[in-house]
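We use all heavy atoms of the structure for the numbers below, so side chains are in, but hydrogens, waters and symmetry mates are not. All of these numbers come straight from a predicted model, not from anything done at the bench.
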Amino acid sequence: MHLNKYLDENKSVTVDNTEFKKLMNKSLASKTITSDPKLDKVREVWDEVNKYTYSKEDKLIKDLQDANTDKFGIVKDILNTEIIKNKELKKQLDKARNNHLVTKV
C-alpha cells in the first residue's frame, strides 16, 4: 500500500506511546525496510528509542500527579467548607426572616 494512502486512511487513528512504538517496530522489521541499507540509521535510532526507559520522566510525571491530587483535595475541602458555611448562613437568614428581623424588599 502506498504510504500516502495509508496515512490518509488512518489519519484519525490515535494510539498511545507504547502502541506507537510497537507499530514503528513492526514496520521497521518488515522485509522492505530491513533490506534497504539506506534505512539502517533509522533502525539504529529506533533501537535507541526502544532502549530508553523514561524512568526520570516517569518519576517526574508521578510527582506532578501526586502534587495535583493533593492540590485537588485541598480545593475540594475548601469548596465543601464553603458549601457548609453557605448552608448555615442561609439557615440563619431564613431564621431572621421568619423572626421578621430582616425585611424582604
Side-chain angles (χ1 to χ4, degrees):
M1 180 183 298
H2 193 268
L3 181 59
N4 287 335
K5 182 179 177 188
Y6 176 83
L7 292 174
D8 189 52
E9 289 174 356
N10 293 284
K11 64 185 172 190
S12 62
V13 175
T14 58
V15 294
D16 64 17
N17 290 339
T18 304
E19 188 62 26
F20 178 72
K21 283 173 53 177
K22 286 179 187 176
L23 291 170
M24 285 300 298
N25 289 328
K26 182 179 177 183
S27 295
L28 291 171
S30 72
K31 187 172 183 162
T32 306
I33 303 292
T34 57
S35 64
D36 188 346
K38 291 184 279 183
L39 297 174
D40 286 349
K41 272 290 195 206
V42 173
R43 286 193 307 278
E44 287 174 22
V45 168
W46 274 94
D47 284 342
E48 289 299 313
V49 169
N50 289 323
K51 290 176 189 172
Y52 196 78
T53 64
Y54 303 98
S55 58
K56 290 180 185 176
E57 291 80 359
D58 288 342
K59 182 184 178 334
L60 174 64
I61 290 168
K62 178 161 180 8
D63 291 346
L64 290 171
Q65 287 172 332
D66 291 346
N68 284 338
T69 299
D70 292 345
K71 288 177 187 176
F72 179 77
I74 291 167
V75 170
K76 189 175 173 182
D77 289 344
I78 291 169
L79 290 173
N80 285 331
T81 300
E82 291 302 313
I83 289 169
I84 292 167
K85 285 181 182 178
N86 282 329
K87 285 180 181 178
E88 184 58 37
L89 288 171
K90 185 174 180 333
K91 284 180 189 177
Q92 290 174 6
L93 182 61
D94 290 344
K95 185 177 178 182
R97 280 188 186 149
N98 290 337
N99 292 334
H100 303 298
L101 297 175
V102 175
T103 306
K104 204 173 191 181
V105 183

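- When all heavy atoms of T34 and L28 are compared, the closest pair comes out as CG2-O, 3.4 Å.
- Looking only at side-chain heavy atoms (C-beta outward), V49 and W46 come within less than 4.5 Å of each other.
- For the atom pair N17 CG and M24 CE, the distance stands at 13.0 Å (nearest 0.5 Å).
- Cluster membership for I84 and L89, using ILVMFWY side-chain heavy atoms within less than 4.5 angstrom, is not shared.
- Each of I74, N80, T81 was evaluated against I78; a single residue qualifies, I74, per the side chain to side chain contact (heavy atoms under 4.5 Å, CB included) test.
- Atom-to-atom distance recorded for D40:CG and D47:CG is 10.0 Å, nearest 0.5 angstrom.
- Taking 4.0 Å as the cut-off between side-chain N and carboxylate O, D8 and K11 count as a salt-bridged pair.
- Looking at D94 and K90, a side-chain N of the basic residue comes within less than 4.0 Å of a carboxylate O on the acidic one, giving a salt bridge.
- Salt bridge status for K59 with D63: present, with a side-chain N to carboxylate O gap under 4.0 Å.
- In this structure, Y52 places its OH atom where more than 12 heavy-atom neighbours from other residues, nucleotides or ligands lie under 6.0 Å away.
- How far CD of E44 is from CD of E48: 8.5 Å, rounded to the nearest 0.5 Å.
- Rounding to the nearest 0.5 Å gives a distance of 13.5 Å between NZ of K26 and CD1 of I33.
- The distance from the OG atom of S30 to the CG atom of L39 is 9.0 Å, given to the nearest 0.5 Å.
- Proximity of N25 to K22: side-chain heavy atoms (C-beta onward) are nowhere separated by under 4.5 Å.
- A salt bridge does not link E88 with K85: none of the charged nitrogens is closer than 4.0 Å to a carboxylate oxygen.
- Residues N50 and K21 approach most closely at OD1-CE, 3.7 Å, considering heavy atoms.
- Linking Ile, Leu, Val, Met, Phe, Trp and Tyr residues whenever their side-chain heavy atoms come within less than 4.5 Å leaves Y54 and L64 in two separate clusters.
- Residue D66 qualifies as enclosed at atom CG: its count of foreign heavy atoms under 6.0 Å is above 12.
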